[in-house]
Amino acid sequence: MATVLHAVFGYFFLLLTVRILTRRPGGQLTLFEFVIVFLIGGVIILSTVGKDRSLTNCVCAIITVGLLHQSVSWLRARYPRFGVIVDGTPLLVLDRGKWDTDLMKKMRLDENDVMAAARSKGLTSLTQIKYAVLERNGSISIIQAEASKSEA
Amino acid sequence: MPAAPHLKPVEDTVPMVHGEVAIGEDLEFQRRWWRFERIVWIAFALIVLLDLLGVFGKGYFAKGHIHQGPVEVKFERVERLGTPSIMTIHFAPEAIHRGTVQLWVSESVVGDLGNRRIIPQPESSTVGNSGVSYIFPASGGRSSVLFALQPASPGVFRFALRVPGVNEIRSRVVVMP
Amino acid sequence: MAAILRAAFGYCFLIFTVRVVGRRPGKQMTPFEFVLIFFIGGLMLTAMVGDEASLTNAIGQIMTIAIMHYGIAWLRQRSPRFASMTDGTPLVLLEKGQWRIGTMFNSRITDDDVMAAARDKGLSQLAQVEYAILERNGEISIVSGDR
């Protein structure tokens, strides 16, 4: 019984921490962020399970987490506003040749990150980018300028 | 001389949508899967509910309580493998004779249920009658003895307690894996 | 012996849960879903190891999981039926300007998710998407209209 409550608390605490702490795993997952995510997950697990390492206990905890996740996904699909809270919203960092410097500073993103995404698309210069969007999973999508598209 | 690779011409084996995009969708299967998923979620919710109520241990329904004359036993009816728990035995003044309390417990308490510690320390412990007899010094008034249990294997185990002059107390403990 | 059984059970239960918890990994995986995987995996790990943290036990359990994983991969290749059980089938989310509402809702995918995949392809509008397909690995692939 305590485990179920612990798991519920752990889930929401993780959701909050990860949401606040970082936005860049997934797409640009660096080793450092990987370690952080692993660490947080591990610490929460220890406190969730406590001394009771029986199969019954852990299975109940997993089921609880699964159920919670399913309900959150359901809410997220049902109410777009809730989705914004859980996943955030895509952000436009490069708009037709202009950087949104304020946004980039807040998201701890620099031009090199955008250029890296552009290179993976086969672009060689920042001027070929029309829009750059920081996605909810932390990856950067690049929409090319029309001119460079016809060249390519 | 290496053997020639085994070749087979490419055909449109993956089913298409509108005859133009090869996807291989199986919507019929997926509908059945979604139905199945819903059943699983209901089952999962039930399991969590039962766990919250303590049917799998550590909750309201797992509390065992037996009152037999001057002896009262509180224990967990559902234990978890390798997880510590406490069995408490309260003695009313009538169970105390000449400054001592005598208690016989069946072997299963020491073996299957994994008794690790007894509080307070018994004055003497004697084996025999497929169990262990303890003698605790008592000064009168209400007193209690605690058994710290930690089961080492899953299963259903019977145990029994005997105090002179009181009917034998028998019960069962389920140890979850 | 008990450790091997725990490992086998843990593996099956994990596969089952992850399959049922839904498939939104791949490119759509947000940090939070990432943590969920660790959370679930770690919880199962604690139960599997229990108090028997010996090397013998660890090796036995790793072997068990490896063999089961191999077995499942083998079955998946042999039987398409089994493959759709473990991986599901690709699903059409959007075709020719029409959303498939039921599929979208049941797989908890929103139009935002599809648009994110479209942007990743360099498309700037949903109207440019001719087909959006939820792949078996949870990625959304986009087929853009010919223009």
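Labels below follow one simple rule: chain letters A, B, ... track the order of the sequence lines, proteins then strands, and each chain is numbered from 1.
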Exercise for the section: Could you tell me the separation between the CD1 atom of A:I63 and the CZ atom of B:F44, rounded to the nearest 0.5 Å? Expected result: 4.5 Å
Can you check whether chain B and chain A share any donor-acceptor pairs under 3.5 Å, and give the atom names and distances if they do?
from, atom 1, to, atom 2, distance (Å)
A:D52, OD1, B:T83, OG1, 2.8
A:D52, OD2, B:K58, NZ, 3.2
A:D52, OD2, B:R80, NH1, 2.8
A:L55, N, B:P177, O, 3.1
A:T56, N, B:P177, O, 3.0
A:T56, OG1, B:P177, O, 2.7
A:N57, OD1, B:R80, NH1, 3.2

Practice task
Give a yes or no on whether A:F13 atom CZ has more than 12 heavy-atom contacts from other residues, nucleotides or ligands under 6.0 Å away.
Solution key: no
Fill in the blank from the handout: Of A:A7, A:C60, A:G50, the largest count of non-hydrogen pairs under 4.5 angstrom with chain B goes to A:C60
